[in-house]
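All values below were derived from every heavy atom in this structure, side-chain atoms included, with hydrogens, water molecules and symmetry-related copies excluded.
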Amino acid sequence: MPFFFFNLLQTLRFIALILSGCVVAVSLCDYSRSSDLFLSLLTDKMHVLVQNPLVLLIEAVQDRRLISTLVAAQASILCSFVPLYSPEDKAVDTPPVYPTLYEPIFQCFVALGLALSWIFCIVFDLSMITAFTRSVLYKQVYPNGPPKCIVTAVSSLFPTMKEKCSTADLIIHLQKYALAAIFILEFFLVMDEEKA
C-alpha cells in the first residue's frame, strides 16, 4: 500500500472517529436537555400532555431517532478505531493470500456498510419528520401548518417544543451527512487502490 494512500485512508478514519464521537456526545446532550422522562409524562407532568397531546408522540419518535443515530455512531467508532490502532506492518505470520485478497474486500464491505448505515439514519430521520408532520394529530394541533423555522425540514423534528430550532439538531444532522460522505470516499479509495 503506497504511503500517501495509507495516510489519506488513516486521516479519513481519524476524522470519522472524531465525528462519530461528536455525534454521540452532542446527541446524548441534546436528548437529555430536550426530552422528558416517559413515565413522568404519564404521572407528574400530565398537564403537559393535556396542553399538547403531541408530546408523547414526539418523545417516542425522538427515542427512535436517538437509537438509530447511536447504533450508526458506535459502529463507526469501532470500525474506524480498529484499523487506526493496528499497525500497517503486522508481526503475526499470515498466509500470503490474506493481505492481498481478503483485507481489501473486508475494507470495502466495512466502508460500504458504514456509509449505508449513515444513509439509513438520515433517511430514517427525514421519513420520521415527514410522517410526523403529516399525522392527523399534528394537523389538529397545528391546522395552519408547522411553526416557522428555517431548518425544520432538514434538521429538527421538534420545533414545536422550542422557540427556535436547536443548533445541536443541525450540527448532528450535518455530521451524519459528513460521515456518510467520508465512508463513501473511503470505499472508493479502497476500490481504486485495488484496481492499481
Side-chain angles (χ1 to χ4, degrees), residues 15-46 48-81 110-142 145-184 186:
I15 291 169
L17 180 67
I18 298 300
L19 278 177
S20 299
C22 288
V23 166
V24 169
V26 174
S27 295
L28 289 175
C29 287
D30 189 48
Y31 179 78
S32 65
R33 179 188 53 79
S34 65
S35 68
D36 289 318
L37 292 174
F38 203 73
L39 187 59
S40 72
L41 287 174
L42 300 176
T43 56
D44 303 338
K45 297 182 179 179
M46 191 58 104
V48 173
L49 239 113
V50 172
Q51 291 172 351
N52 189 353
L54 285 174
V55 170
L56 210 53
L57 182 60
I58 288 170
E59 293 300 321
V61 169
Q62 188 176 8
D63 289 350
R64 288 178 183 233
R65 287 180 68 206
L66 179 69
I67 290 168
S68 73
T69 300
L70 292 179
V71 166
Q74 292 299 336
S76 296
I77 288 171
L78 180 67
C79 293
S80 296
F81 179 74
V110 167
L112 184 63
L114 290 172
L116 290 174
S117 176
W118 283 110
I119 290 169
F120 168 77
C121 193
I122 293 165
V123 169
F124 182 75
D125 282 354
L126 295 176
S127 65
M128 291 305 294
I129 292 167
T130 304
F132 181 72
T133 56
R134 290 182 181 172
S135 71
V136 173
L137 187 58
Y138 187 86
K139 289 180 180 178
Q140 287 175 353
V141 174
Y142 299 105
K148 298 297 177 205
C149 176
I150 297 171
V151 290
T152 298
V154 177
S155 67
S156 179
L157 179 60
F158 314 108
T160 59
M161 299 302 292
K162 305 168 189 168
E163 291 300 312
K164 58 182 181 176
C165 287
S166 168
T167 307
D169 285 338
L170 180 60
I171 290 170
I172 293 166
H173 202 74
L174 291 175
Q175 287 176 335
K176 289 177 184 181
Y177 278 103
L179 283 161
I182 285 171
F183 288 118
I184 290 169
E186 181 179 331

What is the distance from atom CG of L28 to atom CG of L66, rounded to the nearest 0.5 Å?
6.0 Å
Least distance between heavy atoms, A16 atom then S80 atom
CB-OG, 3.6 Å
For F124, side chain to side chain contact (heavy atoms under 4.5 Å, CB included) partners two or more places apart
R64, R65, S68, F120, M128
Looking at CG of L126 and SG of C121, how far apart are the two atoms once the value is rounded to the nearest 0.5 Å?
10.0 Å
What is the distance from atom CD1 of I182 to atom CD1 of I15, rounded to the nearest 0.5 Å?
5.5 Å
C22 meets the side chain to side chain contact (heavy atoms under 4.5 Å, CB included) criterion, sequence neighbours left out, with I18, Q175
Taking side chain to side chain contact (heavy atoms under 4.5 Å, CB included) as the test, write out the residues that go with L78, two or more places apart.
V82
Residues two or more places apart in sequence or in another chain: which of them pass side chain to side chain contact (heavy atoms under 4.5 Å, CB included) with V110?
C79, L114
All side-chain hydrogen bond (donor to acceptor under 3.5 Å, both in side chains) counterparts of S76, not counting sequence neighbours
W118
Nearest atoms (heavy-atom pairs only) where A115 meets A180:
CB-O, 4.0 Å
Results of side-chain hydrogen bond (donor to acceptor under 3.5 Å, both in side chains) for T69 - residues two or more places apart only:
K176
Starting at NE2 of H173, measure out to OG of S27 and round the result to the nearest 0.5 Å.
12.0 Å
